[in-house]
Amino acid sequence: MPHAVTLLPDAQITALTRTYEAAVRERRRASLLVAAVILICIALASWVGEVKPLVFFAHADRLTGYFWQILPTLHWQTLGADLAEWYWNLDHWLKLLVDTLLIAYLGTLLGAIGAFALCFLASANLVRNPLIRLSARRFLEFCRTVPELVFALLFVVAFGLGPMPGVLALAIHTMGSLGKLFAEVVENIDMKPVEGATAAGASWTETVRFAVVPQVLSNFASYGLLRFEINVREASIMGFVGAGGIGQDLIEAIRKFYYSDVSAILLLIIATVMLIDLGTEKLRHRLIGFGEQR
Amino acid sequence: MNRARIQPAAADHARLATAFPQAMAPDPATRVRLLVTAGAALALALFGFWHLGFNFDRLGTGLGQLAHFITLMMPPDPGTQLPLYIHALWETLAIAFLGTLLGALIAFPFGFLAAKNVIANIFAHFAVRRVLDTVRGVDKLIWALIYVTVVGLGPFAGILAIATASIGELGKLFSEAVEALDRKPVEGVTASGGSPMEAVRFGMLPQVLPVLASQLLYYFESNARQSTIVGIVGAGGLGLHLAEQIRVLEWQKVSFLILMMLVMVGVIDFISSRLRFAIIGRAPTSV
């Protein structure tokens, strides 16, 4: 099928080509500038961060060697006995794992309750008073900016060693991050029920209870489950600073070079995290589906 | 303010209740299910409090102690160690920056390998995803601890830890971004005779790069928070000094260090959210 190609006159073509090339040049210059800035940042950061690639590559075998060493020695003939030796302390570890899960659960629950109480105060569509709203927001921001582990370190000094400071640290951090997410959900609700409730003479708490909560509850639950997943991971390291859970045994195994214990505990943690992820994902999909049906 | 409340008459109320039973009370099945769920959650919580040894005595004395510490923290004061702390701040920034970048560089190919629309073989992308999941299942601090035993104390271990953890998380985010892209440019490249590599380069990359860049910045924000704590296990940065000062109960220095962290995170959030919105071209939402 022959096509007739219309050619533009030369004058027009050169003008167009020039504009095109100028545009390309402009873009290229911008990309080079960004690349240069990034390279300078890398150089500065490597200098401050004491990056020594030569040393790293010279000792790279230590890294692979480490992972090689933490692998247990398993033989096919004596598999049962080898496994039993690898997980020699399984009862104790499972108990610590239950502790870890409970720390994560209580931390999430307490944090979610706190976030639920504060999120309505931090939403622009429910609270017109900027003083209340902004102070609620700044408080939540503070709670989520300070890392859990810093709270845990402080609380371990105040409350003593054990799971309690871990739970409280997780709860405060969870309150901060869930509070922000909850407030965003509340700000995106349909305002008609709120107006209806207000028009019918409902007080502020009644408005929240009957016009806002039914709209947001399934989303809140879904975010809470997501946070629970994250908190299981966090709870597994709370033991590093003495705040309970399986982290205590892990840090000991790593510091004292009990190689096969490291892999045994790590595998337990990874398996638990994956199971929790799968379970909460299913629950969350059901919750979201339930929310959309209504 | 005097509000007159209009109450429907009893007859009207009964008529409305029979016409709209849903509006008056949820159906009994939902209510029972809700109560059972709430009861189970409460029972588990009570069991947890008991199992983990919570008691009000400890809570009370602890809160008292905490209030006492807070009075001791005022005013924040670095003492004579300000230069040291400033250096630690730069170290923290370097850990976050290099860790994110290194992690992103390694995660980039993984993002494509784990995407269903690049690798059609279900086993291949399933395997890549499980590897990413495994890496993600281990917390940054655990990686930091492992790297400290391998490359020694110092910020370099922190960089490696942040990078390793970022591979898992960024790899997952990248693969989701790749799966969400528009097929048409890819089909166009293939139709005009491009190889699969060229399809990725000219059909996919231009679409995903802005998304990836914005996710990268977002991740940099989050890593800036995380890199403050890798020091707790000896991997450099502010966390090292923070853990030390908490152990020796120098509360004024502790509050100064926490303040430094808050300011650093605030500044980084501000800059990077501006950059992110510049890249994906949307106005920042209100604070």
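These values consider heavy atoms only, across backbone and side chains, with no hydrogens, waters or symmetry-generated copies. Residue numbers begin at 1 in each chain, while the letters A, B, ... track the order of the sequences. Quantities reported herein were computed from a predicted structural model and do not represent experimental measurements.
When B/Arg247, B/His51, B/Gln226 are compared by the number of non-hydrogen pairs under 4.5 Å with chain A, B/His51 comes out ahead. Of the listed residues (A/Val273, A/Val146, A/Val150), the greatest number of heavy-atom pairs within a distance under 4.5 Å of chain B belongs to A/Val150. When B/Ile95, B/Thr61, B/Ile232 are compared by the number of non-hydrogen pairs under 4.5 Å with chain A, B/Ile232 comes out ahead. The residue among B/Ile229, B/Ile142, B/Leu249 with the most heavy atom pairs within less than 4.5 Å of chain A is B/Ile142. Most heavy-atom pairs under 4.5 Å with chain A: of the set B/Thr134, B/Val148, B/Leu101, B/Thr228, this distinction falls to B/Thr134. Comparing B/Thr92, B/Asn55, B/Leu63 by heavy-atom pairs within less than 4.5 Å of chain A, the highest count is held by B/Leu63. Taking chain A as the reference chain and counting heavy-atom pairs below 4.5 Å, the highest number among B/Val151, B/Ile159, B/Leu262 is found for B/Leu262.
Using a 4.5 Å cut-off between heavy atoms, B/Leu44 contacts chain A through both its backbone and its side chain. Looking at A/Met164, both its backbone and its side chain come within 4.5 Å of chain B, counting heavy atoms on both sides. Proximity to chain B involves both the backbone and the side chain of A/Ile42, based on heavy atoms less than 4.5 angstrom apart. At a 4.5 Å heavy-atom cutoff, the contact between B/Met73 and chain A is made by side-chain atoms alone. For B/Phe54, the parts lying near chain A are the backbone and the side chain together; criterion is any non-hydrogen pair under 4.5 Å. In this structure, the portion of B/Tyr147 lying under 4.5 Å from any heavy atom of chain A is its side chain and not its backbone. If you measure heavy-atom distances from A/Leu267 to chain B, you find no contacts under 4.5 Å at all. The parts of A/Ile254 that come within reach of chain B are both its backbone and its side chain, each placing non-hydrogen atoms under 4.5 angstrom from that chain.
With a 4.5 Å cut-off on side-chain heavy atoms, B/Leu242 and B/Met261 count as touching. Residues A/Lys180 and A/Leu140 fail the side-chain proximity criterion, which asks for heavy atoms closer than 4.5 Å.
Ion pair A/Asp249/A/Lys95 not flagged as a salt bridge, since none of the NZ, NE, NH1 or NH2 atoms sits closer than 4.0 Å to an Asp/Glu carboxylate oxygen.
Side chain of B/Thr100 to backbone of B/Phe220: no donor-acceptor contact under 3.5 angstrom is found. The backbone N or O of B/Ala41 sits less than 3.5 Å from a side-chain atom of A/Tyr105, completing a donor-acceptor pair. Counting only distance, with no hydrogens or angles, the side chain of A/Thr100 and the backbone of A/Ile246 share a donor-acceptor pair below 3.5 Å.
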(message) Is there a side-chain contact (heavy atoms from CB on, under 4.5 Å) between B/Arg136 and A/Arg233? Walk through the geometry before answering.
(response) CA-CA 10 Å; B/Arg136 227 151 21 93; A/Arg233 264 165 245 221; 4.0 Å; yes
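Taking the six-membered ring where the residue is Trp, A/Phe159 and A/Phe155 present perpendicular rings, their angle passing 60° and hence far from 30°.
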